[in-house]
Peer 1: 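Please read through the structure below; I'll follow up with questions.
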Amino acid sequence: MSDPVLPPAAVGVLGGGQLGRYAVLAATVMGYRTVVLDPDPGAPAGKVAGEHLIARYDDRDALDRMADRCAVVTTEFENPPAASLELLAEHVRVAPSARAVAVAQDRIAEKAFLTGHGLPVGPYDVLTEATSPGPLGDGPAIVKTARLGYDGKGQRHGADRDEALAAWGELGRVDCVVEALLDLRTELSVIVARTADGRTTTWPVAENTHVDGILDLTVVPARIDAQLAEQAVEVAIAVAEALDYVGVLAVELFVVAGPGGVDTLFVNELAPRPHNSGHWTLDASTTSQFEQQIRAICGTAPGPTTMTAPAVAMVNLLGDLWFGADGAKREPRWATAIEAPAAKLHLYGKAEPRAGRKMGHLTVTAATTEDAARQAVELRNGL
Ligand code: ADP
Ligand code: MG
């Protein structure tokens, strides 16, 4: 096992979004230097990093510089080119591995991997020019591009097989999966951190509500029975171990009614990075998912993941909030959120609010999940 990476070594992050920003901040607090690679000069993480390399993710010079400067490199999004990760890995420690990222960035590979390891996924089929689609079932379906989808993008719903196939046309007939549209009881996620020597930590299971395919509300602990929560954690750890994963991994899960009405879990998708549904850990956990990411990729001891409040809720602040009913742009009333004693306001420093764009989030701690959720939603409504 290689030696731990210790401050003041430099940590590199591919991608400069809000997830990278928090990773950089966590590393900075611990005394690491930081380098971010992102082509966007306005990238949120670039503004807080020691160095921002403004270049494409396949830019040879930028990758060389990153390998030269950093002791370890990680990613904050699932789509860094595999070739870039492999190139970096020739010179510097890279976590998670190119292989793990490759599995998580392609829904076809992801589902094959999960199924191959006996992990539960919902009914699905592969849809490519090369494979004639098998029986899709009769019911409603969702077609999802195998690659590059996020926040519900790259997805089309179809009421039946024909509509699903027509929707595939709308998606340009790129490689897709088609999934049966499930009647979800609830959605969960488990964030798991794993070190190279196999130490894993998880946080209490999160319960997630999506609106238009975008995460809207997360409450923790999830309102599910202890046995289901235990199962969810077991599945997430099994995924991390099967991938020989190093870093922070998010496992999104569906809960559906199984035989006899018993709650049944399916893995929806994997994110090879910290996750929006883990943002609450910044305000209500002894160790945040971002600090744990730095600890895990650096090969140091994981921190405790105990909650510091009985319950927490997180609501996303999308760009829509900047536009009133009349469509006129305005700055939301931030003072309301800042003044609420149980709330924490987070804004990512993005210059341009757009509909559906994640601009920030609000966290509220309370005695119960219901109370936390109610307060968080009310506060957001008042912005
Ligand atoms: P993304 O990469 O955009 O997060 P997901 O596959 O997680 O894509 O889909 C986004 C959301 O859409 C899910 O969290 C869920 O609410 C809904 N969804 C996706 N697939 C299904 C499905 N097969 N059945 C029911 N709802 C689904
Ligand atoms: Mg998702």
Side-chain angles (χ1 to χ4, degrees), residues 17-23 25-26 44 76 150-152 186-193 202-224 229 232 236 248-253 268 271 273-293 305-321 332 334 336-350 353 356-383:
Q18 60 269 22
L19 300 173
R21 180 177 169 101
Y22 286 116
L25 291 172
E76 64 109 41
Y150 69 100
D151 286 348
T186 186
E187 292 189 63
L188 307 174
S189 57
V190 178
I191 318 272
V192 45
T202 58
W203 284 264
V205 177
E207 176 185 334
N208 303 317
T209 309
H210 294 81
V211 174
D212 296 331
I214 306 177
L215 183 66
D216 183 61
L217 167 71
T218 292
V219 298
V220 182
R223 291 162 287 187
I224 54 174
V248 167
L249 170 77
V251 179
E252 294 181 14
L253 298 151
N268 171 30
R273 51 170 174 76
H275 193 261
N276 195 169
S277 68
H279 284 358
W280 66 270
T281 60
L282 287 162
D283 300 315
S285 169
T286 312
T287 307
S288 78
Q289 61 171 346
F290 303 100
E291 180 180 342
Q292 205 77 316
Q293 175 188 25
T305 54
T306 35
M307 289 182 76
T308 55
V312 61
M314 187 247 21
V315 286
N316 270 334
L317 306 176
L318 302 184
D320 310 62
L321 205 61
W334 300 127
T336 324
I338 294 169
E339 281 160 15
K344 295 285 183 199
L345 172 68
H346 292 250
L347 292 169
Y348 308 143
K350 295 182 183 178
R357 186 177 200 204
K358 289 174 178 168
M359 302 295 289
H361 67 269
L362 264 181
T363 317
V364 173
T365 51
T368 64
T369 47
E370 280 76 16
D371 196 23
R374 186 186 47 76
Q375 285 190 53
V377 170
E378 272 174 17
L379 263 181
R380 183 175 58 181
N381 288 342
L383 294 175

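All residue numbers refer to positions in the sequence shown, counting from 1.
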Peer 1: Ser288: which residues meet the side-chain contact (heavy atoms from CB on, under 4.5 Å) condition with it, sequence neighbours left out?
Peer 2: Thr281, Leu282, Phe290, Glu291
Peer 1: For Val248 and Ile191, work out which heavy atoms get closest and say how close.
Peer 2: CG1-CG2, 3.5 Å
Peer 1: Any non-hydrogen side-chain atom of Leu318 less than 4.5 Å from a side-chain atom of Lys358?
Peer 2: yes
Peer 1: So, do Ser285 and Trp203 sit near enough that their side-chain heavy atoms are less than 4.5 Å apart?
Peer 2: yes
Peer 1: Using side-chain contact (heavy atoms from CB on, under 4.5 Å) as the criterion, list what pairs up with Asp371, not counting sequence neighbours.
Peer 2: Ala366, Thr368, Arg374, Gln375
Peer 1: Would you please name every residue forming a side chain to side chain donor-acceptor pair (under 3.5 Å) with Lys344, sequence neighbours left out?
Peer 2: none
Peer 1: Judged by atom type as modelled, is there a donor-acceptor pair below 3.5 Å linking the side chain of Asp216 to the main-chain atoms of Val315?
Peer 2: no
Peer 1: Holding to salt bridge (charged side-chain N to carboxylate O under 4.0 Å, His left out), I want the full list of residues that pass it with Glu207, two or more places apart in sequence or in another chain.
Peer 2: Arg223
Peer 1: Main chain of Asn316, side chain of Arg380: is a donor-acceptor contact present, judged purely on distance under 3.5 Å?
Peer 2: yes
Peer 1: Working note: His275 + Glu252, criterion side chain to side chain contact (heavy atoms under 4.5 Å, CB included); need CA distance, chi angles, decisive distance, verdict.
Peer 2: CA-CA 10 Å; His275 193 261; Glu252 294 181 14; 2.8 Å; yes
Peer 1: Report yes if the side chains of His346 and Thr363 come closer than 4.5 Å at any heavy-atom pair, otherwise no.
Peer 2: yes
Peer 1: Would you say the side chain of Thr336 lies within less than 4.5 Å of the side chain of Leu379, judging by non-hydrogen atoms?
Peer 2: yes
Peer 1: Are Lys350 and Gln18 packed together at the side-chain level, in the sense that at least one heavy-atom pair is separated by less than 4.5 angstrom?
Peer 2: yes
Peer 1: Between Gln289 and His279, do the side chains contain an N or O donor and an N or O acceptor separated by less than 3.5 Å?
Peer 2: yes
Peer 1: In sequence, state the C-alpha distance, the side-chain angles, and the governing distance for Val312 and Asp283, and then conclude on side chain to side chain contact (heavy atoms under 4.5 Å, CB included).
Peer 2: CA-CA 9 Å; Val312 61; Asp283 300 315; 5.8 Å; no
Peer 1: So, using side-chain contact (heavy atoms from CB on, under 4.5 Å) as the criterion, who are the partners of Pro221 when residues are at least two apart?
Peer 2: Met307, Ala311, Thr369
Peer 1: In this structure, are over 12 heavy atoms from other groups packed under 6.0 Å from Asn381 atom CG?
Peer 2: yes
Peer 1: What residues, two or more places apart in sequence or in another chain, satisfy side-chain contact (heavy atoms from CB on, under 4.5 Å) together with Ala236?
Peer 2: Val190, Val192, Val251
